[in-house]
Structure formats: structure tokens, C-alpha cells
Amino acid sequence: MSRYDPSAIEPKWQDTWEAQQTFRAERAEDRPKYYVLEMFPYPSGRIHIGHVRNYTMGDVIARYKRSTGHNVLHPMGFDAFGMPAENAAMASGGHPKDWTYSNIDTMVGQMKPLGFGLDWSRMFATCDPEYYGQQQALFLDMLEAGLVYRKNAVVNWDPVDMTVLANEQVIDGKGWRSGAEVERRELTQWFFKISDFSEELLEALDTLDDWPAKVKLMQANWIGKSRGLQFAFSTIDAPEGFDRIEVYTTRPDTLMGASFLGISPDHPLARQLEKDNPDVAAFCAEARKGGTTAEALETAEKLGFDTGLKVRHPFDTAWELPVYIANFILMDYGTGAIFGCPAHDQRDLEFARKYELPVISTFVPAMGEDAFILPEEGGPAYVPPKPETVRYINFFAGEEAQTGDEAIEAAVEFCEKNGVGHGVTKFRLRDWGLSRQRYWGCPIPVVHCDACGVVPEKKENLPIELPYDEDGAAIDFNIPGNPLDRHPSWRNVPCPSCGQPARRETDTMDTFVDSSWYFARFTAPCAETPTNMADAEYWMNVDQYIGGIEHAILHLLYSRFFARAMHLTGHLPEKCKEPFNALFTQGMVTHAIYRTKGEGGRAVYHYPEDVELRDGKGFLADGTEVEIIPSAKMSKSKNNVVDPVQIIQQYGADTARWFVLSDSPPERDVEWTASGAEAAFKHLGRVWRIAAEAAEADAPANEHDEALLREMHKAIHDVTLGIESFGFNASIARLYAFTNVLGKSGAGGEAKRQAARVLAQLMSPMTPHLSEEIWAMLDGEGLVADAAWPVADEAMLVEDTVTMPVQVNGKRRDEITVPKDMAKDEVEKLALKAQGVQRALNGGAPKKVIVVPGRIVNVVA
RNA sequence: GCGGGCGUGAUGGAAUGGUAGACAUAUCGGACUUAAAAUCCGAAGGCCUUGCGCCGUGUGGGUUCGAGUCCCACCGCCCGCACCA
């Protein structure tokens, strides 16, 4: 008998699937469809073991659904625009396009040996002109529908690289690449009107039953709905045009505790004042510095500048409040101006103490008010928990009220009734700035004309292709800034409206745009329009989407917005407004780090193959013990990256697939270990041997057959349940157990063959090649990939007799074996007679006996 | 600061409120072998007085005939958001 040899088996079956077009998806109106999608990869150059885990999970679902009669769409593509391609061009010459497509070739070449049941005919990369041209068409439709607009915005500007940076690219106030101090600069940028959908995107989260609660919560927090009062303070002797200053507050009930008005350094009034007053200008410049990162904001000291201006309190015109410019007030939330109530806001209290402003309480705890220390005396601000009953002393004087939403609403109503402002709902979600001053992205299809202004490109001129200049003649990536801006000819075009010489927009789109609708494009990747309604109608929505938690907010929120925008512009049916029916966020594949201390205490990282593991400790060849840091994120610099290509060469794809699914639940991280991979390989070899033995077994049917077949049906039941509930690790554990039973069974040849065929089927979503091989070995009909999923026979799941533990006062004392449908009182009699129970009762009479049929008996003594 | 999640053997982890530790790794023992590899069989939560024993799912309480699971408090770890008015 030969050995399990994946290198012989795997290519053979991959060729068969390819030849038979097994995973080609064709519309078939008479069959139920199932669309399973994994978040498509960025073509960084090589596939990562994390990709293997992600796509294997999708493949398990896809193959399982196929075998349960679904018409499955399971596509793959590449999220191919973005900065790494330009950085590679800068670092080592070459062209981003060549770099990207060559990486894609490599990665496809690495993915195919993994045997994923993908419809490769639908593959595209977002940098294909056929794709981004359709994206430009979509953009033009969205522009026409008022879903895209231009405005000035404050952005992170890297003065060395001369480009806008995303917040994530600003580290400690410095550009991540250039290291230059980042400035806040105002630029005219393109924006998607995602904020128009704030309410809808928030509300619809409730309908996403098959999304992780965590992701929905993160999105809800990101959208950040709040209810409050917007009103104006009237000013005294302020510059012209600033008679009133609008503020927004979520705590209108603290209005009578106001002691100052604060405005953002970017507030129009601050900008006005800074024109004539160098002190103001200096303060504002200082306050604006330091980028907008979380870290920068956290460490920043709260600073204020007294403008000398005064405003009148809306409820008491004799009451005047000073106006401060403060560095902690954001221009793009609310109105960019606040009133400070130090008694009931810790931040305002600190500000008030620093600038010696009054602290006025508006309410005290209803109970135990004597214990309440007013903040003047050094205590913290009184911010009552919600809900808590408080007594107002300075507004709705004497009234008791519950804090919380109702109190806010009551205060809003009171203010409205008295002509002070109106209730408003605000969202934290801001419009999505999509302009990037980069080359390797989708060109924004508009033209700037001196006569006509900003003119959309004509659709017949699409795609607006990037100038590739592959000899590098015109495009130089080594000069900072956007190469498109410097290109000698590309930007010079006639105005689509008047025909006069005009300039093309040189900003390209944020790469998140590319990934916001690719799932829809997969339903008709060659359509002449962004989508084809018949295909979208049939294939959408994505039934199961699988990807990393790191996309919980941006990608998934943008996609939800795009699906709505595509519906409004006629590119998707109404039912696609929520494009992902179910979402699963999988964990990472981690690997231990092996570390020693080198010269000067510097950490030295060792490759796993250089470390010998003995008794849970690691040693180098020279005997030095290494420190083991378990379960760490893979990182090149830590030398703990596992290369899937190497694993496939060593063990085959099925082993890699089997291992990444075993051991840990899919949502959790799984640690790659050499011993685990080795064990997975050994197990598959064992399955192969057991199946080969079964194929040749000639023992006649016998008394062991039934036990084996019962186990088989139980395995069908449990494994199916595991797959359907994303409990792949549990399914695999069950398959191990069933294999052990089959391996030891004394059943006849026919029963063994039947069990082995079912084993092959149950394993086929995880280890498709091995399963095909076994299926063929056992004369299975056609391909296991085309075979109908086995169904557990309910009757075989229940044993005729059951062994029930018997407890006395919750402690197990004995067990009894009874027919499965024995009457409760019979069971009770037997249980009480059991030796262990008698002993525990020690002659005493039981007070009560609880019989849970088929499960357990508990005697209460 | 706000929000969420998780604590089970040496390790990854199983357990619709019903025999805690399935399955696997590492470990130990045995068979086969000149030997090794491969393969197969077996042991294994802790403790002691080795019993028909006691203890055991972060800690302390509670609900229940029965709690890893439900409730309350605390401790620890992880994640997300964060001058959001």
C-alpha cells in the first residue's frame, strides 16, 4: 500500500475541478443561490497564512452550501490600488502597475494550489481600467444625484511629501513616512455625503441579525447619535457679522450653570479676531499644531485665550459670560462653540479653575444632598449617573427629575417654549473625504474649466485611464507630491462642456472607494455598466461575508453607504441596501516569538527552525535557552512569519486547511505550531490509510455494523451543526473522534466503506483533495464536490438504552442503564436501588427525586 | 473617561442549566524494530489517609434539585472609541 502523498493527489483534483468547471457560477433562476465572500486581499506580494484561514473558512461554507443544493457564487479578486505600490516604485524603481500585476500573478499562483472552490473566471483587480472605469461612471451618477460634493476641509498635510495624510498615518504629530511635523491645512476636497445617511445607517443596524453585536456596536458608536439643544448667545461689541454665536449642548439642563463660552481656534470668530490681533493669531496657531491624532490630543494641555468679548445669557440678559478660544474645542462637531458648565463637567471644571471662572451648580443629588461638596472646594464635577434623581436648584428650581434622556428632552422643550433655541439631533459621523493626492488610484472623472468651473467628464470618455508611461519618461515617483500634477500632458484636456482647454482633476479616489462596491461587481464582472440588474437581483445580497475585525467600521460602513447610493442611482435593487446578510469576523493566525538578549540588551529574534523545543522550553543549537512569547501576531521583524507556500510544499494544502480550522474557534486567534501542523498531516495520513483499508476490507456484515453506523449518523449530525454555526473546530474534533471509532471498528467491509465514504464527505469542505481521493477509492459516484451532503437518520441518533448518571444532592454517586423510553417512576425506582445511592442515603429517605428523561437523575436527601 | 468581551488541566480548547476537561498538542509508559523513523496500544485535573474519599472552571456571594453556564459585587486580562460639548 502506498502512502498519503498530497503532492500527487492535490494537483490532480485541482485539474479535475478546473476541467469540469466545478465552481463556475452561472445564474439559474430555478435554484436557490448562495453568495459567500471573503474580504479580498491587497496584492502585497505573497499570500499570508491569515489569508489561508480566511479563504478556507469561506471555502468550507461555499462547498458545504454547494452540496446542500445551492447555486454558489464564491469569487476572488484584488484590492489593488494604494500607496504600497507607489512606495515600492519610490524605493526600488519600476512602475506601480508592474509591481501590482506581478504581485497579483504571484499570489494567484500561490492561492490556486490551496484548492479553493472559487470561480476564477470572475476575478478582477480594482486597478483594472474595466473596473475603475465603471467606478468613475458610478461616481458621475452619484455626483448627479448630489451624493458627492466639493468643499474646503481641514486635513493633515505632510509638508515634505506634499500630500494629505489620513489620521492613521500621522504618528506623534509627524508624517509616518517623512517624519515631518504634520500641519493642519485647509484644502478643497471631494466628499461623499455619507452623513445624509447617518440616521438610516444607524437604524438599519438593528436589522442585521447575523452580524456580530460587537461590530454593530462599533458602528453605532462611530455614527455617534446625540440629542441636544442648539441655541445662540448674543454678543456684546463683537466684530461685524458675529452678533450671535451658535452653540450645541447635550446638557441643556445645565444652562443655568454656564460660566463661559468657548470657541474652537478654527471657529469663524477666532479666525476674524486673529486677523487684527497677533496674540490671538499666535494662540490659534499653537492650538492648531500637532495634528489630530488621538495621542496628540490626549497629552495636550487644555489652554484658553480670553478674547475680552462678552455674551449675554439667553435666560438673563444682564448675565454676561466671557468668550474664550480653547484648544480642546473641535470645529467639526456641533457648532464649534460650547458653553462651559464647570459644576457638571470635569473638563469645564478644570478649565474654570485654571482661568478662575465661577462654578455654579444647577442641581444636587435628591438624596443626601448635604454630602455633596460643591466643586469650588476641590471636589470633582458632579456628573450624576443615569438615571439618578436630582433636585434642580437653579433652573427648574426645586423640581426633582430623573437624569437621562427624558430630562434632556424636558429641558429642550422648556428652552424651546421660552424661545431659546431648538432641539436637534447630531451625529459624529462626518462626510467621507475621498480625495487623495496620489498617483496609484482611481482618477476622479472631472475637469476644471476656467469658463465652466468643475465639469463632470462625459461617460463615453470613460475610463479615464491613468497615464502609465511605463518607460518612466513622464512619471517620476521620486519627487514628493502627486505625479499626476507634474505630468506634462495628462491633465491637459478640453472641457467636456465648452471644448476649450481645461485641466483634469489630478486627485485620485481613496482606495476604500474601490472596496465599497466590488461585491456588487462580482455578480457581473464584465458588465458594460457598474452592475447588471438581472445579475444583481439574482446573486445579491452576499449571504455570508467573512473578514477581519479591523474592517468593522470603515470598510463595512462605507459599503453600506455605497449600497444605498447604488440603489439611489439605479445600480442595485432596493433589497441590497444592506448588502451583507451575515458577517463573520475571524481571528488571526499567530505564532510564538523566540527571543534572546543580544549585545546591549537588544532583543534578537530567532526563526522557528533554529529553535529546538523540549519540555515547553526552546533552545538554540548552541544550547542557549530562548524566551518564548506565545501567540504573537506574525511580523517579519520578529521572524515568526509562517509562509503558506512552504507549508503546502511540506504537507500539502489539505493539511494547511485542516490545521487553520482546528484547535481554535474561528472568531478567535489560532496559534500556528509546528507540532500542530505535523499532527494534522499525520491525521490526514491516518484517514487515508483507514479509508484504503476499508476499500479492501472483506469481513462479512456483523454485530459491530450497527454501532459503527450509529456513530456515523451522530457524526453527520454534529459535523453539520458545527459547519452551520461556524464551529469548525468542533466539527473537526468530531471528525477526529469518528475517525478513531472507524479505525478501531470491527464492522464488516460494506459498513466500513459506507462509513469511510461519509467521512470523506464530511471532511470534504475542509480537505477537498483528500476527500476526492478517498471518494474515488471507495467507488463514490462522480466527484465528492458534486455529491449531496449526507443526512443524519434521526432514528440512528438515539440509542435504545441510555446510561444515566444518578446524583445525590448534586453529586454523582452511581449510574444506571435503562431503556430510552422507560417511564419516569420506573427510572426513579431503579435509581434509588443503585448501590452508590443507597450508600449516600445511608438509610435515610429521599425528600425528592428529579428525573430528567434520557439525561440525569438527582436524588434530594 | 465611555463602551464591549473574556477568565476552564502544562497548552489550544469541548460542554441546549444536567457525568467538567470531548478532541488535539506537549508529556510518560508499552508493542513492533538490531536501532531509529513511521505505525499501533495505553496512562494522565489536583490532593491525601489510595477510599465506595475529598477538592476543583479568576475571587466572594446569590438563584436552583442541580451552575463553567443565570444574577450581583470584586480582581485580572484583551479589544474598540475618545478633549464629541
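The aromatic rings of A:Phe584 and A:Phe726 lie parallel to each other, with less than 30° between the two planes, well short of the 60° mark. Ring pair A:Tyr594/A:His591 is perpendicular by interplanar angle, where above 60° counts as perpendicular and below 30° as parallel. The aromatic rings of A:Phe328 and A:Phe351 lie perpendicular to each other, with more than 60° between the two planes, well past the 30° mark. Ring planes of A:Trp688 and A:Tyr4: tilted class, angle from 30 to 60°.
A:Pro630 comes within 4.0 angstrom of no nucleic acid atom, judged by non-hydrogen atoms across all strands. Among the protein residues, A:Lys682 comes within range of the sugar-phosphate backbone only, with heavy atoms under 4.0 Å from sugar or phosphate atoms but none that close to a base. Among the heavy atoms of the strands, none lies under 4.0 Å from A:Asp814. Residue A:Ile329 is classed as a base contact, given a heavy-atom separation below 4.0 Å to a base. Within 4.0 Å of A:Arg668, counting heavy atoms only, lie sugar-phosphate atoms of the nucleic acid but no base atom. Among the heavy atoms of the strands lying under 4.0 Å from A:Ser664 are primed sugar atoms or P, OP1, OP2 only; no base atom is included.
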Discussion item. Using the rule given for side chain to side chain donor-acceptor pair (under 3.5 Å), can you reason through A:Arg686 versus A:Asn740, listing the C-alpha separation, both sets of side-chain angles and the distance that settles it, and then say yes or no?
Written reply: CA-CA 10 Å; A:Arg686 194 160 160 255; A:Asn740 290 342; 2.9 Å; yes
Fill in: side chain to side chain donor-acceptor pair (under 3.5 Å) between A:Tyr248 and A:Ser226, intermediate numbers included
CA-CA 11 Å; A:Tyr248 171 70; A:Ser226 70; 2.8 Å; yes
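To the nearest whole angstrom, the two C1' atoms, one in B:G12 and one in B:C65, are 35 Å apart. Rounded to whole Å, the C1' atom of B:A26 lies 27 Å from the corresponding atom of B:U19. Atom P of B:G4 sits at a distance of 22 Å from the matching atom of B:U8, rounded to the whole Å. Spacing between B:C6 and B:C71 at atom P, rounded to whole Å, works out to 11 Å. Spacing of P atoms, B:U64 relative to B:A82, comes out at 45 Å, to the nearest Å. Comparing the P positions of B:A44 and B:C23 gives a spacing of 13 Å, expressed to the nearest Å. Only the C1' atoms considered, B:C83 is 42 Å distant from B:G68, to the nearest whole Å. Taking atom C1' in both B:U69 and B:G17, the straight-line distance is 7 Å, to the nearest Å.
A donor-acceptor pair under 3.5 Å is absent between the side-chain atoms of A:Asp814 and the main chain of A:Pro805, judged by distance alone.
To the nearest 0.5 angstrom, A:His717 atom NE2 is 14.0 Å from A:Met712 atom CE. To the nearest 0.5 Å, atoms OG1 (A:Thr801) and CD1 (A:Ile816) are separated by 11.5 Å.
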Practice prompt. Indicate for each nucleotide in nucleotides 59-71 of chain B, in 5' to 3' sequence, whether protein heavy atoms under 4.0 Å reach the base (B), only the sugar-phosphate (S), or nothing (-).
Written response: ------BS-----
Practice prompt. Summarise protein proximity over nucleotides 24-30 of chain B in one line of letters, 5' to 3': B for base, S for sugar-phosphate only, - for none, counting protein heavy atoms closer than 4.0 Å.
Written response: SSSS---
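Across A:Thr56, A:Val52, A:Thr673, a single residue satisfies side-chain contact (heavy atoms from CB on, under 4.5 Å) together with A:Phe659, and that is A:Thr673.
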Could you go through nucleotides 49-56 of chain B and list every protein N or O atom that sits under 3.5 Å from one of its N or O atoms, giving the distance for each pair?
from	atom 1	to	atom 2	distance (Å)
B:C52	O2	A:Arg839	NH1	2.6
B:C52	O2	A:Arg839	NH2	3.3

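The existence of a salt bridge linking A:Glu693 and A:Lys752 is excluded, since no basic side-chain nitrogen approaches an acidic carboxylate oxygen closer than 4.0 Å. Ion pairing between a basic and an acidic side chain is recognised when a charged N comes within 4.0 Å of a carboxylate O; A:Asp253 and A:Arg251 show such pairing.
Checked against the 6.0 Å centroid threshold, A:Trp658 and A:Phe681 do not count as a close aromatic pair.
Applying the side-chain hydrogen bond (donor to acceptor under 3.5 Å, both in side chains) test to A:Thr803 and every residue at least two apart in sequence or in another chain returns A:Thr817. Every residue two or more places apart in sequence or in another chain that forms a side-chain hydrogen bond (donor to acceptor under 3.5 Å, both in side chains) with A:Arg560 is listed here: A:Gln219, A:Glu578.
Nearest nucleotide to the A:Glu815 side chain, out of B:A82, B:G3, B:U19: B:U19.
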Response to the item:
Under the rule of Watson-Crick or G-U wobble with both distances under 3.5 Å, where | means paired to another strand and [ ] a crossing pair, RNA chain B maps to (((((((..(((.....[....))).(((((.......))))).((((..).)))..(((((..]....))))))))))))....
